[in-house]
Trainee: 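Can you read through this structure? Questions will come right after.
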Protein chains: 2
Amino acid sequence: MQITRAGEYAIMGATCLARRGLGKAVMIHEVCKEEHIPRSFLAKIFQALTKAGIVRSQRGIRGGFTLARPSAEITVLEVLEAIEGKLAFDRRLQEPASCHDTHACTLCDLFTEAQHRVREIMGSTTLADLTRPKAEVMKRIQGGNLHNGNGPRARALQTI
Amino acid sequence: MQITRAGEYAIMGATCLARRGLGKAVMIHEVCKEEHIPRSFLAKIFQALTKAGIVRSQRGIRGGFTLARPSAEITVLEVLEAIEGKLAFDRRLQEPASCHDTHACTLCDLFTEAQHRVREIMGSTTLADLTRPKAEVMKRIQGGNLHNGNGPRARALQTI
DNA sequence: GGTAATTAAGACCTTTTTAGTCCTCTTTTC
DNA sequence: GAAAAGAGGACTAAAAAGGTCTTAATTACC
């Protein structure tokens with residue numbers, strides 16, 4: 001019941017890029033130093049994020065990584081699932097065949113709801129949110145007003 | 001980001017006992033057959049649940065397992081944590097030292113909130129709930145009225 | 001065009017966890 | 001005391017986690 005190190009590093013790395021702004025290429029080395037992540041491991045993670053269209057890479061001298069889109073349009077859920085695959089609380093929710101009691105399994109319902117709650121908050125929090133001052137973030141997260149609004153946050157939520 | 005098979009089996013096994021009522025000892029063999037769980041694996045799991053005071057065991061001929069308390073007083077969270085240890089969404093929430101940015105880590109806040117949401121629903125759902133008809137359970141889970149009420153459910157929630 | 005700096009890709013490795021099994025011992029009932 | 005349970009510990013195979021290493025492929029600059 002934990003997210004993996006790779007998933008955690010992905011969020012940290014992407015957030016680090018978010019803090020630098022959209023245009024500037026940041027070398028993997030800098031991100032590692034700042035976030036205390038092993039270099040070659042992060043390289044691998046950023047590769048995956050590149051394929052997922054979350055970051056953009058630039059090879060050669062003066063190369064590095066940038067976010068592919070504004071940080072306010074990238075959700076934490078998106079980053080996490082790019083690395084770990086679709087978030088599933090239990091194997092039942094991945095391969096429904098593994099539940100024999102297919103007709104009316106209340107446990108499946110419980111797991112589905114738990115998973116939904118996690119996806120909801122992860123999907124409504126963007127990288128931009130993580131770069132904001134702590135007090136603001138706390139207020140937003142615990143405020144519970146994740147459902148309303150028309151900003152990028154609401155748009156992001158639609159894809160869940 | 002998944003619960004383990006052991007955790008899942010524990011909930012299934014305990015729920016199976018809940019369906020049989022409080023008094024009657026159920027042999028491990030019966031539970032396994034009913035829930036499609038490997039026998040020696042479930043034996044191990046029930047051992048742990050016994051130590052945790054969730055089920056009670058009876059050796060010898062006509063032995064077996066029963067719930068140690070009424071099913072309405074045992075939460076799914078309790079069963080899960082008896083097997084998997086305290087539910088932690090990320091290692092940061094277990095050993096805070098692993099987060100270097102101790103002063104104002106917004107990611108820690110996000111994870112804390114996600115974890116809280118999972119604990120909330122798992123901690124407010126009892127084994128008795130899982131034995132009820134699907135429609136009822138769905139209504140309760142999604143109703144969102146998990147905070148009010150004075151029943152065993154509210155009591156259970158206090159320990160979270 | 002050469003060279004240094006940078007990411008890409010994938011093979012490889014080590015440790016830990018998962019998901020069990022198996023065997024022997026103890027307890028309990030008949 | 002025999003038979004039928006669970007208790008407990010040792011063991012194992014497979015998968016996942018958490019990385020490392022090597023060899024490209026690009027790119028900027030001289």
Side-chain angles (χ1 to χ4, degrees), chain A residues 1-13 17 24-33 35-68 80 82-85 87-88 90-92 94-95 98, chain B residues 1-13 17 24-33 35-68 80 83-85 88 90-92 94-95 98:
Chain A
M1 250 316 289
Q2 276 193 2
I3 70 171
T4 64
R5 214 63 69 86
E8 188 190 311
Y9 290 163
I11 301 172
M12 290 164 67
L17 296 185
K24 194 185 168 194
V26 185
M27 281 189 302
I28 210 167
H29 166 76
E30 296 177 62
V31 179
C32 290
K33 199 173 172 187
E35 305 286 342
H36 303 90
I37 304 174
R39 183 210 164 95
S40 38
F41 196 22
L42 185 62
K44 200 151 220 183
I45 291 165
F46 269 9
Q47 256 179 60
L49 293 184
T50 304
K51 276 186 188 165
I54 292 170
V55 308
R56 192 171 293 152
S57 71
Q58 173 78 23
R59 287 184 176 184
I61 291 180
R62 305 201 51 77
F65 293 90
T66 335
L67 290 183
L80 201 54
I83 300 300
E84 302 202 346
L87 195 145
D90 188 88
R91 61 173 172 143
R92 293 155 180 258
Q94 277 181 326
E95 1 157 353
S98 58
Chain B
M1 251 315 289
Q2 277 194 359
I3 69 171
T4 64
R5 213 64 68 85
E8 187 190 312
Y9 290 162
I11 301 171
M12 290 164 67
L17 296 185
K24 194 184 168 193
V26 185
M27 281 189 303
I28 210 167
H29 166 77
E30 296 177 61
V31 179
C32 290
K33 199 173 171 187
E35 305 287 341
H36 303 90
I37 301 173
R39 184 210 164 95
S40 39
F41 196 21
L42 186 62
K44 272 276 134 71
I45 291 165
F46 270 9
Q47 257 180 57
L49 292 184
T50 303
K51 278 187 187 164
I54 292 169
V55 309
R56 191 170 294 150
S57 72
Q58 173 79 21
R59 287 182 176 184
I61 291 179
R62 306 202 51 76
F65 293 91
T66 335
L67 289 184
L80 201 54
I83 301 299
E84 304 202 344
D90 188 88
R91 62 172 173 142
R92 293 156 179 257
Q94 278 182 325
E95 359 158 353
S98 59

Trainee: Detail all sub-3.5 Å separations between protein N/O atoms and N/O atoms belonging to nucleotides 10-12 of chain D.
Mentor:
residue, atom, partner, partner atom, Å
D:dA10, N6, B:K44, NZ, 3.4

Trainee: Just the rounded figure in Å: distance from P of D:dA17 to CD1 of A:I45.
Mentor: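 That distance rounds to 12 Å.
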
Trainee: Both B:T50 and A:R62 contact DNA chain D. Which one's nearest nucleotide lies toward the 5' end?
Mentor: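 Residue closer to the 5' terminus by nearest nucleotide: B:T50.
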
Trainee: Check every nucleotide of DNA chain C for an atom under 4.0 Å from a heavy-atom of chain B, then give the first and the last such nucleotide from 5' to 3'.
Mentor: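 Taking any atom under 4.0 Å from a heavy atom of chain B, the span is C:dT18 to C:dC30.
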
Trainee: Looking only at non-hydrogen atoms, find the nearest pair between B:F65 and B:L17 and report the distance.
Mentor: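 In this case the closest contact between B:F65 and B:L17 is O-CD2, 3.7 Å.
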
Trainee: In sequence, state the C-alpha distance, the side-chain angles, and the governing distance for B:M1 and A:M1, and then conclude on side-chain contact (heavy atoms from CB on, under 4.5 Å).
Mentor: CA-CA 5 Å; B:M1 251 315 289; A:M1 250 316 289; 4.1 Å; yes

Trainee: Which residues satisfy the salt bridge (Lys or Arg N to Asp or Glu O under 4.0 Å) test with A:R5, sequence neighbours excluded?
Mentor: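 A:R5: no salt bridge (Lys or Arg N to Asp or Glu O under 4.0 Å) contacts found.
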
Trainee: Under the rule for salt bridge (Lys or Arg N to Asp or Glu O under 4.0 Å), what residues qualify as partners of A:E84, not counting sequence neighbours?
Mentor: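 Not a single residue meets the salt bridge (Lys or Arg N to Asp or Glu O under 4.0 Å) criterion with A:E84.
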
Trainee: List in chain and number order the residues that pass ring-ring contact (aromatic ring centres under 6.0 Å, His included) with B:H29, two or more places apart in sequence or in another chain; answer none if no residue qualifies.
Mentor: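 If we apply the ring-ring contact (aromatic ring centres under 6.0 Å, His included) test to B:H29, skipping adjacent residues, there are no hits.
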
Trainee: I need the residues from residues 53-61 of chain B with at least one non-hydrogen atom less than 4.0 Å from DNA chain C; give them sorted by number, or say none.
Mentor: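 Result for residues 53-61 of chain B: B:Q58, B:R59, B:G60, B:I61, sorted by number.
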
Trainee: Provide the closest heavy-atom pair for A:V31 versus A:G13 in the form atom of the first, atom of the second, distance.
Mentor: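 Closest approach of A:V31 to A:G13, heavy atoms only: CG1-CA, 4.0 Å.
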
Trainee: Between D:dA24 atom P and A:Q47 atom CD, what is the distance in whole Å?
Mentor: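 It works out to 16 Å between those atoms.
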
Trainee: Would you kindly give the CD1-to-P distance between B:I28 and D:dG8, to the nearest whole Å?
Mentor: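 Those two atoms, CD1 and P, are 13 Å apart.
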
Trainee: Can you give each donor-acceptor pair under 3.5 Å made by side-chain atoms of residues 38-57 of chain A, sequence neighbours left out, with the distance rounded to 0.1 Å?
Mentor:
residue, atom, partner, partner atom, Å
A:T50, OG1, A:F46, O, 2.7
A:R56, NH2, A:A68, O, 3.4

Trainee: So which atom in B:R62 and which in B:A25 form the shortest heavy-atom distance, rounded to 0.1 Å?
Mentor: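 Looking at all heavy atoms of both residues, the closest pair is O-CB, 4.3 Å.
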
Trainee: Could you tell me if the side chain of A:D90 sits less than 4.5 Å from the side chain of B:E8, heavy atoms only?
Mentor: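 Heavy-atom side-chain distance check passes, below 4.5 Å.
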
Trainee: Taking only residues two or more places apart in sequence or in another chain, which ones pass side-chain contact (heavy atoms from CB on, under 4.5 Å) with B:Q58?
Mentor: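 With neighbours one apart ignored, the set is empty.
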
Trainee: A:F46 CZ to D:dG19 P: how many Å, rounded?
Mentor: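 Atom-to-atom, A:F46 to D:dG19, this comes out as 15 Å.
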
Trainee: Between B:M1 (CE) and D:dA16 (C1'), how many Å, whole number?
Mentor: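 Atom CE in B:M1 sits about 16 Å away from atom C1' in D:dA16.
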
Trainee: Quick check: closest heavy atoms across A:R92 and A:S98, and the distance to 0.1 Å?
Mentor: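 For A:R92 versus A:S98, the nearest heavy atoms are CA-OG, 3.5 Å.
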
Trainee: Could you state the CG-P distance from A:L42 to D:dG18, rounded to the nearest angstrom?
Mentor: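 These atoms are roughly 15 Å apart.
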
Trainee: Roughly how many Å is it from CD in A:E84 to P in D:dA15, rounded to a whole number?
Mentor: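 So the CD-P distance, A:E84 to D:dA15, works out to 20 Å.
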
Trainee: Could you tell me how far apart A:R91 (CZ) and D:dA15 (P) are, to the nearest whole angstrom?
Mentor: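 In whole Å, D:dA15 P lies 15 Å from A:R91 CZ.
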
